[in-house]
Engineer: 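I have a structure here, written as structure tokens, and I will follow up with some questions on it.
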Amino acid sequence: MSHSTSNASNFIRNIIIEDLKSGKHDTIVTRFPPEPNGYLHIGHAKSIVLNFELADEFNGKTNLRFDDTNPLKEDQEYVDAIKEDVKWLGYDWDGLFFASDYFEIMYEKAVLLIKKGLAYVDDLSADEIREYRGTLTEPGKESPYRNRSVEENLDLFERMRNGEFKNGEKVLRAKIDMSSPNINMRDPVIYRIAHATHHNTGDKWCIYPMYAFAHPLEDAIEGVTHSICTLEFEDQRPFYNWVIENCETESKPQQYEFARLNLTNTVMSKRKLKLLVDEGFVDGWDDPRMPTISGIRRKGYTPEAIRAFCRETGVSKSAGVVDTQMLEHFVREDLKLKAPRTMGVIKPLKVVITNYPEGQVEMLDAEINPENPEMGIRKIPFSREIYIEQDDFMENPPKKYFRLFPGNEVRLKHAYFIKCEEVIKDEEGNVIELRCTYDPETKSGTGFTGRKVKGTIHWVEATNALPAEFRLFEPLILDDQEEAAEGEEKSFLDQVNPNSLEIAQGFVEPNMKDAKPHDKFQFFRHGYFNVDPKLTTKDKLVFNRIVSLKSSFKL
Ligand code: ATP
Ligand code: MG
């Protein structure tokens, strides 16, 4: 794996350099800790790149750890998808762990806290606990069960484990300070009852540790040195440290927070993405319009581009929104030299070249990639019948329209000049065919200088063309609506773009017959496309547009 080559700032990297220099650590251990409650998205990619590349740079280790402490939302399907996505992004984990494998140790640590008088079983309901917690301006109130004896707490906690109580009947809480200015320190719940089957531990447990208690222990158990998370956990850090301190863990991990990645026109929360899937706004987690790793992979983004993007967005403490065009920029940069050039007609219009010999097919030379001449040339057929793009013809063009119109001459890319002589229409007046003439003198590559034309258009030879479906995408989420406020669920779904997918039936060059799923091409003038791995059949290629060619984005 290549090291980060970015100059973008990364304050966590500086902390690691200091920690190694001062001898605080001999080696570093990071982790990527997804909850398997959905598919990974581009925001997770940022965390993956950060954790794996920091460890790699300093010869440390990175674990993939499933933070699977909530049986109600987690599933094996997500575990498998997450593993696949991390590998696809180009990373190999050192250890593969499940937080649920530590349930016994976590239970013991909870017992230790009880014995130290630092945890108690509470009978208040969830609503009451919330009420007692106080607010930012008012201190909380102590629960009437707060002063139970150690013996009683040990007994009740064991009975919780044994399944003697119903969901919500009791919880275990840390005993800290109900008047702490940090609400997270007002006796947070550390265990709850959930009679549910867990994807890993089955029915072994009916009590589950809360994230805030479990996470520091997971880090400590694995010897993680730098536990990197996003900013919304900053207020949790005191409790993280409290757990490490009071549970007497051997290893002392430390939490560092950075600003999460936000992208324009993108929702980035597994919960919201799941809603888009469940409500049928998209065709699944891997719909190419989704910001999931599986979605952008299917769309045709490359791991190289995603990694470069993640590095370049830097690591900081201040939240911002990154323009999606920056991600697209890295995709173009990566594909520029790799993707073969080809021609495809998305919305075909038949053209008959009346003075071209009937029955003749000639093979023309075309460069596979002018920006990477080593890729060589391809042969493309040309004959009397071709398809051009409907948009490349106008019967009554405005000024400065340089493409085809009656009486005008254009260059066919890699071929000849053609001139529009006649327009054929159906009964309703729709243009269904053009009759053109060509000039044999103007063949591409022969150095013809007799006259110039202002427009060059693309085409495919009609009798050999392969049918193809093109899928063109617009942003799934529209940003220009009002900010979602409280009760955001509804307004977020209101922002879904009803026109995010356009499907067109067209044609591509016959040499595309060997194209395989995930092969990527640059279609002349249309942009980069990926062969869809799910929808392509042996009779029809389906192409997802990865990104158009034009960009106003400057790095
Ligand atoms: P979501 O709300 O989408 O489920 P999460 O943070 O709850 O996100 P986890 O599965 O807990 O998802 O995330 C695993 C790791 O990925 C965490 O360390 C988290 O901080 C990080 N992460 C998630 N979203 C982003 C993001 N947008 N930018 C950077 N890191 C992120
Ligand atoms: Mg989460």
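First listed ligand is number 1; within each ligand, the first listed atom is number 1.
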Engineer: Under 3.5 Å, side chain of His41 to main-chain N/O of Met290, donor-acceptor pair present?
Structural biologist: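 Judged by distance alone, no pair lies under 3.5 Å.
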
Engineer: Looking at non-hydrogen atoms alone, which of Ala319, Pro291, Gly43, Ala45 comes nearest to atom 30 (N) of ligand 1?
Structural biologist: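 The nearest heavy atom belongs to Gly43.
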
Engineer: By number and element, which atoms of ligand 1 are closer than 4.0 Å to a non-hydrogen atom of Phe32?
Structural biologist: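 Here the atoms of ligand 1 in question are 14 (C), 15 (C), 16 (O).
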
Engineer: Taking the ring centre of each residue, are Tyr107 and Phe157 less than 6.0 Å apart?
Structural biologist: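 Centroid distance Tyr107-Phe157: below 6.0 Å, so yes.
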
Engineer: Going by the rule side chain to side chain contact (heavy atoms under 4.5 Å, CB included), which residues pair with Leu535 if we only count those two or more places apart in sequence or in a different chain?
Structural biologist: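 Partners of Leu535 by the side chain to side chain contact (heavy atoms under 4.5 Å, CB included) criterion, ordered by chain and then number, come out as Arg298, Arg471, Asp532, Val542.
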
Engineer: For Lys21 and Glu18, run salt bridge (charged side-chain N to carboxylate O under 4.0 Å, His left out): C-alpha distance rounded to whole Å, both residues' side-chain angles, the deciding distance at 0.1 Å, then the answer.
Structural biologist: CA-CA 5 Å; Lys21 208 162 80 186; Glu18 276 309 306; 3.5 Å; yes

Engineer: Report yes if some N/O of Glu35 lies less than 3.5 Å from some N/O of ligand 1; otherwise report no.
Structural biologist: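 Yes; at least one N/O pair falls below 3.5 Å.
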
Engineer: What are the atoms of ligand 1, with element, lying closer than 4.0 Å to any heavy atom of Lys270?
Structural biologist: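 Answer, ordered by atom number: 1 (P), 3 (O), 4 (O), 9 (P), 10 (O), 12 (O).
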
Engineer: Would you call Lys317 and Glu234 a salt bridge, using N to O less than 4.0 angstrom?
Structural biologist: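 Salt bridge present between Lys317 and Glu234.
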
Engineer: Short list, please: which atoms of ligand 1 are under 4.0 Å from a heavy atom of Thr230?
Structural biologist: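 This gives 20 (O), 29 (C), 30 (N), 31 (C) as the contact atoms.
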
Engineer: Closer than 4.0 angstrom, basic N to acidic O: yes or no for Arg31 and Glu222?
Structural biologist: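 A salt bridge is absent here (no side-chain N lies under 4.0 Å from a carboxylate O).
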
Engineer: Is a donor from one side chain sitting under 3.5 angstrom from an acceptor on the other, for Asn200 and Ser100?
Structural biologist: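 On atom types as modelled, these side chains qualify, holding a pair under 3.5 Å.
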
Engineer: As an exercise, identify every atom of ligand 1 less than 4.0 angstrom from a heavy atom of His41.
Structural biologist: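 So the answer, numbered in order with elements, is 3 (O), 24 (N).
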
Engineer: I want to know if ligand 1 touches Glu232 in the polar sense, i.e. an N/O pair below 3.5 angstrom.
Structural biologist: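 Not met; the criterion fails.
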
Engineer: Counting from 1, what ligand 1 atoms have a heavy atom of Pro34 closer than 4.0 Å?
Structural biologist: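 Contacts of ligand 1 toward Pro34, numbered from 1: 10 (O), 14 (C).
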
Engineer: So which bit of Phe233 gets within less than 4.0 Å of ligand 1, heavy atoms only: side chain, backbone, both or neither?
Structural biologist: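 Neither part.
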
